[in-house]
Number of protein chains: 2
Amino acid sequence: MVEQKLKAKNRSPGRPPRADTFGNASDLRDSILDHAELAFAVAGFEGANLREIASLAGVNQALIRYYFGSKADLFDECFRRRGGLLAGHRHVNLDRLLEISENPSVEDLVYAYLKPQWDMKYSSPNGAAFVAMQARLHAEPEEHALRLRREVYDASVKRYISALSQVLPQVPKDIISVRMAFLVGAYLFMLNDLGRIGDLTEGHLTSFGKDEMLDQLVRFLAAGLRAPA
Amino acid sequence: MVEQKLKAKNRSPGRPPRADTFGNASDLRDSILDHAELAFAVAGFEGANLREIASLAGVNQALIRYYFGSKADLFDECFRRRGGLLAGHRHVNLDRLLEISENPSVEDLVYAYLKPQWDMKYSSPNGAAFVAMQARLHAEPEEHALRLRREVYDASVKRYISALSQVLPQVPKDIISVRMAFLVGAYLFMLNDLGRIGDLTEGHLTSFGKDEMLDQLVRFLAAGLRAPA
DNA sequence: CTTGTTATTATTCAAATGAATAATTAACAT
DNA sequence: ATGTTAATTATTCATTTGAATAATAACAAG
């Protein structure tokens with residue numbers, strides 16, 4: 001719209017003077033990642049544009065290449081950064097749950113799985129962006145996207161499948177696996193779509209708060225997982 | 001990979017002679033839509049490329065413009081064509097169901113909703129492409145994507161919500177609405193992801209046939225919809 | 001101090017891409 | 001016959017874009 005020049009900071013070339021403000025180890029690198037995350041979220045991989053990312057991050061475009069290599073590499077790094085965090089949280093949650101009791105409820109398990117990403121979404125604009133990024137990634141058929149998802153998430157998903165399988169001995173494990181896929185679909189979609197969901201509820205606008213919405217989702221999914229095979 | 005020239009058919013310019021084979025009203029137009037559908041499915045809106053679509057469809061690139069206008073318009077038309085069909089099938093299925101009985105089972109309703117797209121996916125490569133396209137569209141945050149989805153699907157979704165609400169009087173209607181959103185998420189994701197789902201099932205590869213998989217999904221979702229509020 | 005390495009910018013390159021225009025030919029109406 | 005409209009191609013245009021290179025400054029090591 002506005003004919004903005006989108007020019008990066010007007011710093012002169014060359015290594016910048018060491019900032020004495022402390023604690024800024026590779027500050028720009030992170031800034032790039034943050035803005036890339038946002039860009040990928042709203043525009044998708046193809047739609048995002050390196051010039052704009054660079055400019056918003058306040059760096060020269062070539063710096064992206066310097067740190068990350070290609071656009072695809074940048075995307076991967078974005079994804080790994082938060083994805084790893086997420087997977088980590090899930091592991092921790094499961095550990096805790098199993099510590100407390102050998103047979104947690106299905107609801108507890110589902111909740112433990114969903115909560116980390118839920119929190120991430122509402123923790124910051126970047127958290128929300130990551131959720132969107134992920135939703136898009138799941139819709140992409142490319143082999144590369146698939147590998148990335150697997151790399152980041154497979155281990156934790158498998159652990160949850162095992163745990164669920166133990167809590168639901170009536171349901172064969174391969175059915176649990178399939179249901180876990182349903183679960184992922186429902187929650188990703190939902191998380192990404194929240195806010196638009198109101199449209200379906202005609203007049204009486206859904207006044208669910210986020211927490212209540214999460215509860216609803218957990219209840220729904222737990223019931224599905226429990227369904228007699 | 002191969003340095004293919006991707007050149008369109010070598011027809012001379014000018015209006016083509018009327019084909020006497022009968023029934024080819026605007027043959028090329030359809031060919032464009034078919035190939036666009038495939039392209040959008042694998043590459044997404046931004047990733048798809050008009051030159052390639054034209055070449056695969058065997059037409060000159062300018063013909064796309066002639067028929068559809070811009071790239072965005074082409075996308076919309078793709079979406080409306082099949083989306084309308086789908087929505088239509090859903091309406092018909094619901095009509096039939098309500099004719100037979102005033103209180104169909106939740107399973108029947110869910111099945112009636114899902115089956116048309118399921119069939120579409122397996123009817124042809126283009127049907128599958130449309131499913132993928134749709135999954136991607138749902139992950140896009142753009143206002144435009146949202147409007148399109150609403151235009152094509154809202155009416156039928158609302159009818160199903162009403163029907164479900166009648167069959168499940170214990171569950172408040174706005175909770176049904178929300179659960180319907182979960183349902184859409186789960187089935188879209190699943191439909192698009194089928195085939196990769198096997199990866200989660202460790203050794204014992206999911207030998208679910210497509211029909212059995214649909215049954216599984218219906219059972220899962222019906223249980224979720226029924227869950228006590 | 002000199003020299004090499006790291007982090008950063010300015011500038012250039014080459015390709016891809018959506019859009020637009022002009023040309024051409026068949027069908028159709030009068 | 002003839003002029004108009006419809007359908008199609010060939011060609012050109014302007015911009016965007018990811019990538020690459022060259023220049024520059026700070027810092028670290030000897």
Side-chain angles (χ1 to χ4, degrees), chain A residues 3-21 24-33 35-36 39-40 43-78, chain B residues 1 3-22 24-33 35-36 39-40 43-78:
Chain A
E3 171 59 40
Q4 213 171 350
K5 248 313 179 168
L6 279 189
K7 207 54 168 310
K9 279 198 199 79
N10 205 356
R11 200 175 341 186
S12 32
R15 182 174 191 153
R18 169 182 282 272
D20 41 354
T21 24
N24 72 331
S26 208
D27 220 348
L28 296 184
R29 187 174 188 279
D30 282 333
S31 177
I32 293 173
L33 280 175
H35 287 278
F40 286 132
F45 178 76
E46 307 274 357
N49 149 258
L50 293 182
R51 273 174 175 71
E52 193 177 334
I53 293 174
S55 132
L56 291 173
V59 302
N60 186 280
Q61 196 192 150
L63 196 61
I64 297 184
R65 217 175 112 67
Y66 178 69
Y67 277 128
F68 302 99
S70 73
K71 185 184 185 183
D73 292 333
L74 172 62
F75 182 90
D76 291 1
E77 186 57 27
C78 272
Chain B
M1 195 146 265
E3 169 59 41
Q4 213 170 349
K5 251 309 181 173
L6 280 187
K7 206 55 168 310
K9 278 199 199 79
N10 206 354
R11 198 172 347 183
S12 31
R15 182 173 188 150
R18 169 182 280 275
D20 41 353
T21 24
F22 180 67
N24 72 329
S26 210
D27 218 349
L28 295 184
R29 189 175 188 280
D30 282 335
S31 177
I32 293 173
L33 280 174
H35 286 278
F40 285 132
F45 178 76
E46 307 273 358
N49 150 257
L50 293 182
R51 274 174 174 72
E52 194 176 332
I53 293 174
S55 132
L56 291 172
V59 303
N60 186 281
Q61 197 191 150
L63 196 60
I64 297 183
R65 217 176 111 68
Y66 177 69
Y67 276 127
F68 302 99
S70 72
K71 187 184 183 182
D73 293 332
L74 172 62
F75 182 90
D76 291 2
E77 186 57 27
C78 273

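Of all nucleotides listed (D:dG18, C:dT8, C:dA19), C:dA19 comes nearest to the side chain of B:Gln61. The A:Asn49 side chain lies nearest to D:dG18 when the options are D:dT8, D:dG18, C:dT8.
Map A:Arg15 and A:Ala62 each onto its nearest nucleotide of DNA chain C; the residue landing nearer the 5' end is A:Arg15. Summary of the strand contacts: A:Arg65 and A:Gly47 both lie near DNA chain D, and taking for each the nucleotide with the nearest heavy atom, the more 5' one is attributed to A:Gly47.
A parallel orientation is assigned to the rings of B:Phe40 and B:Phe45, their planes being inclined by less than 30° (bins at 30° and 60°).
Summarising the geometry, the separation between CD1 on A:Ile32 and C1' on C:dT9 is reported as 12 Å, rounded to the nearest angstrom. At whole-Å resolution of the value, NZ in B:Lys71 and C1' in C:dA16 are 11 Å apart. If you measure from atom OH of A:Tyr67 to atom C1' of C:dT8, you get 8 Å, rounded to the nearest angstrom. What separates CZ of B:Arg29 from C1' of D:dT9 is a distance of 19 Å, to the nearest Å. Atom P of nucleotide D:dA20 and atom CG of A:Asp73 are separated by 11 Å, given to the nearest angstrom. If you measure from atom CZ of A:Phe68 to atom P of D:dG18, you get 15 Å, rounded to the nearest angstrom. Spacing between atom CG of A:Leu28 and atom C1' of C:dA7 amounts to 9 Å, rounded to whole angstrom units. The distance from atom CD of A:Glu52 to atom P of D:dT15 is 18 Å, rounded to the nearest whole Å.
For the atom pair A:Asn49 CG and A:Gln61 CD, the distance stands at 7.5 Å (nearest 0.5 Å). Taking CD1 of A:Ile32 as the start and CG of A:Asp27 as the end, the distance is 10.5 Å to the nearest 0.5 Å. To the nearest 0.5 Å, the span separating CZ on A:Phe68 from CG on A:Leu63 amounts to 8.5 Å.
With hydrogens and angles ignored, a donor-acceptor pair under 3.5 angstrom links the side chain of A:Arg51 to the base of D:dG18.
Between B:Asn60 and D:dT8 there is no side-chain polar atom (N or O) within less than 4.0 angstrom of OP1 or OP2. Here A:Tyr66 does not reach the OP1 or OP2 of C:dT9: none of its side-chain N or O atoms lies under 4.0 Å away.
A donor-acceptor pair under 3.5 Å links the side-chain atoms of A:Asp73 to the main chain of A:Ser70, judged by distance alone.
Residue contacts for A:Leu50: at a heavy-atom cut-off of 4.0 Å it reaches the sugar-phosphate backbone alone, with no base atom in range. Heavy atoms of B:Ala72 sit nowhere under 4.0 angstrom from any nucleic acid atom.
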